[in-house]
Amino acid sequence: YLQEEEALSQECKELICSLPKEKGWIFSHIYKYEGFWYSARHLQGVIACQKYFLAQESDIFLVTTPKSGTTWLKAIMFTLVNRKRYPVKENHPLLNNNPHNLVPFLELEYMDNQQPDLSLSSSPRLFATHFPYFLMPNSVHDSACKIVYLCRNPKDNLVSLWHFAKKLKLQATAIHSLEEAFDMFCSGLSPCGPFWDHVLDYWNESKKNNRILFLKYEDMKEEPAVHLRRLAEFLGYPFSADEEETGMVGEILKLCSFDNLSNLDINKTDKKAYGMENKSFFRRGEVGDWKNHLSTEMTRKIDKITEQKFSEVGLVL
Ligand code: A3P
């Protein structure tokens with residue numbers, strides 16, 4: 001924890017002194033900035049990125065809350081937009097790189113550097129981020145960049161987050177029981193949360209802004225080919241008749257599938273992305289694992305929150 005705070009800029013140190021502070025999941029504390037909760041280092045990246053990032057018209061953003069399937073969509077989107085440059089075959093970059101090393105988290109690039117090198121192996125540039133829409137850097141709002149939002153059922157999201165935090169547990173003081181994690185999540189105290197506010201921000205924006213494609217993890221799992229085609233059209237990389245005939249859709253899905261990625265050597269070793277072991281990004285990759293973890297009472301409580309937050313806008317998760 002000391003290291004975490006020592007590495008902060010003076011500006012960020014001063015800022016966090018003025019912000020609401022709560023116990024964190026992975027790091028000791030999280031801070032509430034403009035309605036959302038971040039670790040101190042993440043917040044430093046958020047602030048610098050808002051200030052210095054300059055979007056290019058062709059940039060593509062993948063937005064998620066942590067543990068809603070970012071790794072999977074990073075792999076899919078990277079493969080999709082770069083398929084001419086990197087055909088889906090033996091030496092594809094995903095076979096030797098964790099998806100997080102191919103598609104960076106935008107704000108994390110700014111954590112220690114106001115001018116990070118953003119020349120990427122993807123063309124167009126492809127970034128992931130956990131920014132709520134309204135906090136995105138101005139240059140993103142002012143450009144024609146495309147934004148893909150991926151969300152996941154809150155119960156599965158919570159269970160996935162809990163396992164991830166438990167595995168990492170970088171700080172002795174971080175959360176230690178599922179009950180505690182549950183209460184914090186339901187109170188909105190999750191990394192980049194409140195979960196429901198994050199999802200609502202993009203859901204509402206996607207209704208009036210055709211630059212945003214709103215996707216659900218569960219839909220992707222149920223009908224991956226349908227949603228991959230939708231994604232390809234949206235990003236301006238539709239599948240040609242030739243590609244359809246030769247089974248490109250299936251090939252991309254197979255390359256990026258949980259079974260394939262999680263069994264690659266690169267994702268089984270102790271190698272790290274963002275200080276976290278590559279293997280920590282792969283657990284079960286299923287829909288409905290919450291049934292193995294949440295009690296009836298917990299289920300009732302979290303479902304009620306979801307109903308209260310989403311029913312008015314017609315969103316079902
Ligand atoms: P579980 O913990 O439920 O297994 P993120 O990538 O946003 O950190 O989310 C991680 C979740 O996505 C984990 O969920 C992980 O197992 C799952 N995941 C990772 N790769 C996947 C893939 N290729 N297909 C489906 N789910 C995947």
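All ligand and atom numbering here is 1-based and tracks the order in the structure.
- Nearest protein heavy-atom neighbour of atom 12 (O) of ligand 1: Gly69 CA, 3.9 Å.
- Among Lys74, Arg152, His130, the residue whose heavy atom lies closest to atom 14 (O) of ligand 1 is Arg152.
- The nearest protein atom to atom 13 (C) of ligand 1, hydrogens excluded, is given as Ser160 OG, 3.6 Å; this is a heavy-atom distance.
- Using a 4.0 Å cut-off between a side-chain N of Lys or Arg and a carboxylate O of Asp or Glu, Lys221 and Glu286 do not qualify as a salt bridge.
- Residue Met276 does not touch ligand 1, judged by heavy-atom distances below 4.0 Å.
- Interface atoms of ligand 1 facing Ser257, defined by a heavy-atom separation under 4.0 Å, are 23 (N).
- With Thr70, Val159, Asp259, Asn260 as candidates, the residue nearest to atom 5 (P) of ligand 1 on a non-hydrogen basis is Thr70.
- By the 30° and 60° cut-offs, the orientation of the rings of Tyr133 relative to Tyr202 is perpendicular.
- For an aromatic pair to be called close, the ring centres must be under 6.0 Å apart, and Phe214 with Phe234 fails this.
- Proximity of Ser68 to ligand 1, defined as any heavy-atom pair under 4.0 Å, is confined to the backbone N, CA, C and O atoms.
- Shortest contact from atom 16 (O) of ligand 1 to any protein heavy atom: Arg283 N, 2.9 Å.
- Scanning the protein for heavy atoms near atom 6 (O) of ligand 1, the closest one is Thr71 OG1, 2.5 Å.
- Judged by distance alone, the side chain of Asn267 and the main-chain N or O of Leu261 form a donor-acceptor pair under 3.5 Å.
- The cationic group of Lys21 does not satisfy the cation-pi geometry with Tyr31, failing either the under 6.0 Å distance to the six-membered ring centre or the 45° limit from the ring axis.
- Ion pairing of Glu277 with Lys167 is absent here, as no side-chain N (NZ or NE/NH1/NH2) approaches a carboxylate O to less than 4.0 Å.
- Atoms of ligand 1 lying under 4.0 Å from at least one heavy atom of Arg284, given by number and element, are 4 (O), 16 (O).
- Close contacts of ligand 1 with Phe282, meaning ligand atoms under 4.0 Å from a residue heavy atom, involve 16 (O), 19 (C), 20 (N).
- Among protein heavy atoms, atom 15 (C) of ligand 1 sits closest to Phe281 O, 3.4 Å.
- Closest heavy-atom contact between Phe134 and His141: O-CE1, 3.6 Å.
- In the candidate list Trp162, Tyr217, Phe164, Tyr217 is nearest to atom 17 (C) of ligand 1, counting heavy atoms.
- Close approach of ligand 1 to Gly285 is summarised as follows: ligand atoms under 4.0 Å from at least one heavy atom of the residue are 1 (P), 4 (O), 16 (O), 26 (N).
- Arg85 places no side-chain N or O within donor-acceptor distance of the main-chain N or O of Asn82, the cut-off being under 3.5 Å.
- With hydrogens left out, the protein atom closest to atom 23 (N) of ligand 1 is Cys256 O, 2.9 Å, a heavy atom.
- Under a 4.0 Å N-O distance rule, the pair Lys51/Glu11 qualifies as a salt bridge.
- Both tests pass for Lys207 against the ring of Trp203: distance under 6.0 Å to the centre and angle within 45° of the axis.
- Under 4.0 Å from ligand 1, not a single heavy atom of Ala75 appears.
- Given atom 10 (C) of ligand 1, the protein heavy atom at minimum distance is Lys67 NZ, 3.9 Å.
- Residues Asp59 and Lys146 are not paired through a salt bridge, judged by the lack of any N-O separation under 4.0 Å between the basic side chain and the carboxylate.
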